[in-house]
Asks: 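This is the structure, below, for whatever I ask next.
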Amino acid sequence: MSQQIITRFPPSPTGYLHLGGARTAVFNWLYARHTRGRFVLRIEDTDMQRSTKESVDAIFEALDWLGIDWDEGPYFQSQRFDIYKEYINRLIQSGHAYYCTCTPEAVDRMREAAKARGDKPRYDGTCREKNQQWQEGAVVRFKSPLSGNTVVEDIIRGDIAFSNTELDDFIIARSDGSPMYNLAVVVDDITMNINTIIRGDDHISNTPKQILLYQALGAAVPDFGHVPMVLGPDKSRLSKRHGAMSVTAYRDMGYHPDAMVNFLVRLGWSHGDQEFFTRDELIEKFNLEHIGRSAGVFNPEKLLALNAEHIRNAPAQALAGHLMPFLKEKGISAAADDYLYGVIETLKPRSKTFVEMADGAEFYFVDKPAYDEKAAAKFLKSDLLPPMKQLTEAVAALGDFSEKNLEEIFKQVMETAGLGFGKIAQPVRVALTGKTVSPGIFEMMLALGRDRVIARLNDAVSFMARQSG
RNA sequence: GGCCCCAUCGUCUAGUGGUUCAGGACGCCGGCCUCUCACGCCGGUAACACGGGUUCGAAUCCCGUUGGGGUCACCA
């Protein structure tokens, strides 16, 4: 029995959770759930300048909507400075790190000079062997090896070798004593027992530094898996200019979280030809072996199609909660009851989003549908009054308000009037909904219920009687 | 620019040397179904970046070219 998988998602609260970050979260969460492991949430807010409370809340909100829960945390790096300090001191004492008193300006100058020579801009090691004690303004640098290689054994990409000469003595603690990213992550991952790190491939070049840190601290190096980035339609890295990129923006546009998760996972991971996955299926089938290596372009149209499919396939009861906020926004107060479920059932195949579903649901909840002018002019004409009257009376006289009986009534009316089904159905449709487009006549009548149907039919008959010609 | 990663239809992808003149999905274009609109169904469009190898045989392995991306902070 191998050890339990422990993954984590460590967003930095410097903005909303975007699609790329969400996918990383989903991958880690899914892998933990799939392996019955643990999933840890950690907020990386060591950059006090850029981190905000609003961003932290936005991230929680987005994860909550996506249905991603965590077993541990959230930890906040800003509350763990003592731990980092301890590890930094340990590194200094063991000779793996040292105080550097070079000013930022001096470092800038050496970088400029290196660039001018055509070399890689880097710290030149001025303080490396000075063995200095702490003093005001000093930073702590990691003493990188001067030779050799550091190999990242990537689960997804295989071995990636970096020459240690590429690494300079990077800062692990700022002059105010606060930890830098690479140090904080490694210390956190060690102390939180993270053994599987799945993250964006923009972190690949950080990995050798982190591995060196693990080794200097005598800790076991975790498994790394770098997933490709999510690109915008122009194949550049996802950013604000690509439009709605925050996860919650999709919630507000009427997307189903399961569709979002499904979409995000399929962007980079595959299970043969399967496109549609329920959440449970994903947990059952997700693995690291089938994650691709090339970057993927975000395709909103596919997300939309997948969303429609998730809406079609979910039971009405499960959809109601997602739909209600949109109904409310339209001033419709609906309860999650059988009436709503019936309504949803008729709307499922014609709604790509909950926004569309709410639009389509509107006529079910008004007292009297507002007749579309053109629709009324075309179908609620007085010449159709006799059949409409006959139909209305027959429906009112109906004992059992069933689809079978309704169909029978339509048949009789068609026969008497000598008209085809369409000629009768359209006026009825307008009478019931005010529009020429709607769910099927019978399913709609059943969803509306006997009383509403009769009332609307009567209204239409009155309306038609008032028409001339 | 240095280092690193990547490369199958417009997009997401299947494919792990032969059963593939490359399969699925989204989109698009036809058609069917039909009470409107959808759903659904049927069909079509469209790809192995290029050049060298290796091999009896390469989308699959190797090298190069080109293209794209990432990263080089007292950001994460």
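This one's a predicted model, so the numbers in the text were calculated from it and none came from an experiment. All chains are named by letter (A, B, ...) in the order of the sequence lines, taking the proteins before the strands, and each is independently numbered beginning at 1.
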Asks: Quick one: is A76(B) close enough that its OP1 or OP2 comes under 4.0 Å of any side-chain N or O from Thr46(A)?
Replies: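 True: Thr46(A) side-chain N/O within range (under 4.0 Å) of A76(B) OP1/OP2.
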Asks: Can you identify which nucleotide, out of G27(B), A76(B), C5(B), has its nearest atom closest to the Met180(A) side chain?
Replies: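 Nearest nucleotide to the side chain: A76(B).
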Asks: Sticking with atom P, work out how far A47(B) lies from U8(B), rounded to a whole angstrom.
Replies: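 Rounded to whole Å, the distance is 14 Å.
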Asks: Taking the C1' atom of each, how far is G10(B) from G27(B), in whole Å?
Replies: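 Nearest-Å result for G10(B) against G27(B) at atom C1': 8 Å.
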Asks: Please classify the nucleic acid contact of Gly272(A) as base, sugar-phosphate, or nothing, using heavy-atom distances under 4.0 Å.
Replies: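 Sugar-phosphate, backbone atoms only, no base.
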Asks: When we call it a touch if two heavy atoms are under 4.0 Å apart, what does Arg293(A) touch: a base, just sugar-phosphate, or nothing?
Replies: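 If one applies the 4.0 Å heavy-atom cut-off, Arg293(A) turns out to touch the sugar-phosphate alone, with no base involved.
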Asks: Assess the side chains of Glu281(A) and Gln274(A): does a donor N or O sit below 3.5 Å from an acceptor N or O?
Replies: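 Indeed, the side chains of Glu281(A) and Gln274(A) share at least one donor-acceptor pair under 3.5 Å.
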Asks: Does C32(B) pair with anything, Watson-Crick or G-U wobble, both distances under 3.5 Å, and if so, with which nucleotide?
Replies: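 In the structure as shown, C32(B) has G40(B) as its Watson-Crick or wobble partner.
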Asks: Quiz question: by atom type and distance under 3.5 Å, do the side chains of Thr101(A) and Gln132(A) form a donor-acceptor pair?
Replies: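 On atom types as modelled, these side chains qualify, holding a pair under 3.5 Å.
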Asks: Mind checking if Gly420(A) touches a base, just sugar-phosphate, or nothing, with heavy atoms under 4.0 Å?
Replies: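 Contact class for Gly420(A): none.
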Asks: The side chain of Pro349(A) lies closest to which of these nucleotides: C26(B), A38(B), C5(B)?
Replies: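 Of the candidates, A38(B) comes closest.
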Asks: Distance check, P atoms only: A49(B) and C33(B), in whole angstrom units.
Replies: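 One P to the other, the span is 42 Å.
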Asks: Could you check whether His226(A) gets within reach of a base, just the sugar-phosphate, or nothing at all, counting any heavy atom under 4.0 Å?
Replies: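 Touches nothing.
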Asks: What nucleotide, of C74(B), C72(B), G24(B), holds the atom closest to the side chain of Arg141(A)?
Replies: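 Of all the options, the side chain of Arg141(A) is nearest to C74(B).
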Asks: Strictly by modelled atom types, are Tyr181(A) and Asp47(A) linked by a side-chain donor-acceptor pair under 3.5 Å?
Replies: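 Distance-only check fails for Tyr181(A) and Asp47(A).
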Asks: With both distances under 3.5 Å as the test, what is the Watson-Crick or G-U wobble partner of G67(B)?
Replies: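 Its partner is C6(B).
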Asks: Taking atom C1' of C74(B) as reference, at what distance in whole Å does atom CZ of Phe142(A) sit?
Replies: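 It is 18 Å, rounded to the nearest whole Å.
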Asks: Hey, is C61(B) sitting syn or anti, using the within-90° cutoff around 0?
Replies: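 Glycosidic conformation of C61(B): anti.
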Asks: Report which part of the nucleic acid Ser294(A) touches: base, sugar-phosphate, or nothing (heavy-atom distance under 4.0 Å, all strands).
Replies: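 Ser294(A): backbone/sugar contact only, no base atoms under 4.0 Å.
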Asks: Quick check: any donor-acceptor pair below 3.5 Å linking the side-chain of Ser205(A) to the base of C3(B)?
Replies: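 There is none.
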Asks: Under 4.0 Å between a side-chain N or O of Thr436(A) and OP1 or OP2 of U36(B)?
Replies: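 Checking U36(B) against Thr436(A), no side-chain N or O comes under 4.0 Å of OP1 or OP2.
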Asks: For Glu275(A), answer base if it contacts any base atom (sugar-phosphate contacts may also be present), sugar-phosphate if it contacts only those atoms, and nothing otherwise; contact means non-hydrogen atoms under 4.0 Å.
Replies: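 Counting heavy atoms under 4.0 Å across all strands, the contact made by Glu275(A) includes a base.
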Asks: Pairing check on U11(B): which nucleotide meets the Watson-Crick or G-U wobble criteria with it, both distances under 3.5 Å?
Replies: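 For U11(B), the partner nucleotide comes out as A25(B), under the 3.5 Å rule.
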Asks: If I take atom CG in residue Asp202(A) and atom P in nucleotide A76(B), what distance separates them, rounded to the nearest angstrom?
Replies: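 Nearest whole value for this atom pair: 14 Å.
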Asks: What distance, rounded to whole Å, do you find between the two C1' atoms, one in A46(B) and one in G24(B)?
Replies: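 Pairwise C1' distance, A46(B) against G24(B), rounds to 14 Å.
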Asks: Using heavy atoms to find the nearest nucleotide of RNA chain B for Gly292(A) and Glu166(A) separately, return the residue whose nucleotide is more 5′.
Replies: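 Mapping each residue to its closest nucleotide by heavy atoms, the 5'-most match is Glu166(A).
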Asks: Are OP1 or OP2 of A76(B) and a side-chain N or O of Arg174(A) less than 4.0 angstrom apart?
Replies: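 For Arg174(A), the contact criterion (side-chain N or O under 4.0 Å from OP1 or OP2 of A76(B)) is met.
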Asks: Rounding to an integer number of Å, can you tell me how far Leu231(A) CG sits from C6(B) P?
Replies: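 Between P of C6(B) and CG of Leu231(A): 15 Å.
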Asks: Working to the nearest 0.5 angstrom, can you tell me the gap between Phe379(A) CZ and Ile424(A) CD1?
Replies: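 Output value for this atom pair is 11.5 Å.
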Asks: Could a donor-acceptor pair under 3.5 angstrom be found where the side chain of Arg429(A) meets the base of C35(B)?
Replies: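 Such a pair exists between side chain and base.
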Asks: Using a heavy-atom cut-off of under 4.0 Å over every strand shown, decide if Leu267(A) touches base, sugar-phosphate, or nothing.
Replies: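 Touches sugar-phosphate only.
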Asks: Show your working on side-chain contact (heavy atoms from CB on, under 4.5 Å) between Arg23(A) and Val227(A) and close with a plain yes or no.
Replies: CA-CA 10 Å; Arg23(A) 190 184 60 156; Val227(A) 305; 3.9 Å; yes
Asks: Classify the side-chain pair Thr46(A)/Tyr84(A) by whether it contains a donor and acceptor separated by less than 3.5 Å.
Replies: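 There is no such pair (donor and acceptor under 3.5 Å, judged by atom type) between the side chains of Thr46(A) and Tyr84(A).
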Asks: What's the gap between C48(B) and A59(B) when it is taken at their P atoms, as a whole Å value?
Replies: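 Those two atoms are separated by 11 Å.
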Asks: Take atom CG of Asp273(A) and atom P of A25(B), then tell me their distance rounded to the nearest Å.
Replies: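 From Asp273(A) CG to A25(B) P: 8 Å.
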Asks: Touch check for Pro439(A), heavy atoms < 4.0 angstrom, all strands: base, sugar-phosphate only, or nothing?
Replies: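 Result for Pro439(A) = base.
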Asks: Between the side chains of Asn287(A) and Tyr31(A), is a donor N or O closer than 3.5 angstrom to an acceptor N or O?
Replies: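 Checked: Asn287(A)/Tyr31(A) side chains show no N/O donor-acceptor pair below 3.5 Å.
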Asks: Can you tell me the base-pairing partner of C61(B)? Count Watson-Crick or G-U wobble geometry only, both distances below 3.5 Å, and say none if there is no partner.
Replies: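 With both distances under 3.5 Å, C61(B) matches G53(B).
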Asks: Say you pick atom C1' in A38(B) and the same atom in C50(B); how far apart are they, in whole Å?
Replies: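 My reading of the C1' atoms in A38(B) and C50(B) gives 46 Å.
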Asks: Taking C9(B) as the reference, what is the distance to A14(B) when you measure between their C1' atoms (whole Å, please)?
Replies: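 13 Å, rounded to whole Å.
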Asks: Quick one: label Val297(A) by what it contacts on the DNA or RNA (base, sugar-phosphate, nothing), any heavy atom closer than 4.0 Å.
Replies: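 Counting heavy atoms under 4.0 Å across all strands, the contact made by Val297(A) is with sugar-phosphate only.
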Asks: Decide whether Thr433(A) and Arg429(A) meet the rule of one side-chain donor and one side-chain acceptor closer than 3.5 Å.
Replies: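 Not at all, the side chains of Thr433(A) and Arg429(A) share no donor-acceptor pair under 3.5 Å.
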Asks: With both distances under 3.5 Å as the test, what is the Watson-Crick or G-U wobble partner of C72(B)?
Replies: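 By the stated definition (distances under 3.5 Å), G1(B) pairs with C72(B).
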Asks: Relative to Phe170(A), does Lys209(A) satisfy both conditions: NZ or CZ under 6.0 angstrom from the six-membered ring centre, and within 45 degrees of the ring's axis?
Replies: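 Here Lys209(A) passes the 6.0 Å and 45° test against Phe170(A).
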Asks: Would you say the side chains of Arg122(A) and Thr165(A) form a donor-acceptor pair under 3.5 Å?
Replies: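 Absent: no donor and acceptor within the cut-off.
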Asks: Roughly how many Å is it from CZ in Phe363(A) to P in C37(B), rounded to a whole number?
Replies: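 Interatomic distance, CZ of Phe363(A) to P of C37(B): 16 Å.
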Asks: Could you tell me how far U60(B) sits from C4(B) if I compare only their C1' atoms? Round to whole Å.
Replies: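 My reading of the C1' atoms in C4(B) and U60(B) gives 24 Å.
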Asks: For C74(B), does OP1 or OP2 lie under 4.0 Å from any side-chain N or O of Arg111(A)?
Replies: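 Indeed, a polar side-chain atom of Arg111(A) lies that close.
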Asks: Side chain of Ser270(A) only, please: which of C72(B), C26(B), U13(B) is the nearest?
Replies: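 Closest nucleotide among those given: U13(B).
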Asks: What is the distance from NE2 of His203(A) to P of G70(B), rounded to the nearest Å?
Replies: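 Distance, rounded to whole Å: 13 Å.
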Asks: Contact class for Asn206(A) (heavy atom, under 4.0 Å): base, sugar-phosphate, or nothing?
Replies: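 Counting heavy atoms under 4.0 Å across all strands, the contact made by Asn206(A) includes a base.
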Asks: If the cut-off is 4.0 Å, is Arg312(A) near the phosphate of G40(B), judged by side-chain N/O to OP1 or OP2?
Replies: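 Answer is yes, contact under 4.0 Å.
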Asks: Specify the separation, in whole Å, of atom CZ of Phe277(A) and atom P of A25(B).
Replies: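 Going from CZ in Phe277(A) over to P in A25(B) covers 14 Å.
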Asks: Given that Ser351(A) and Lys209(A) both sit by RNA chain B, which one's nearest nucleotide is further toward the 5' end?
Replies: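 Taking each residue's closest nucleotide, the earlier one in sequence belongs to Ser351(A).
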Asks: Under 4.0 Å, heavy atoms only, any strand: does Arg157(A) hit a base, just the sugar-phosphate, or nothing?
Replies: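 The answer is sugar-phosphate, as Arg157(A) gets under 4.0 Å only of primed atoms, P, OP1 or OP2.
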Asks: Would you indicate, yes or no, if A76(B) has its OP1 or OP2 atom less than 4.0 angstrom from a side-chain nitrogen or oxygen of Arg199(A)?
Replies: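 For A76(B), OP1/OP2 do not have a side-chain N/O of Arg199(A) under 4.0 Å.
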Asks: Can you find a donor-acceptor pair, distance only, under 3.5 Å between Lys302(A) side chain and C12(B) base?
Replies: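 Donor-acceptor pair under 3.5 Å: yes.
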Asks: C74(B) C1' sits how many Å from Trp134(A) CH2, rounded?
Replies: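 Roughly 15 Å, once rounded to whole Å.
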Asks: Reckon Phe162(A) touches a base, only the sugar-phosphate, or nothing at all at heavy-atom distances under 4.0 Å?
Replies: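 Answer is sugar-phosphate: Phe162(A) comes under 4.0 Å of backbone atoms only.
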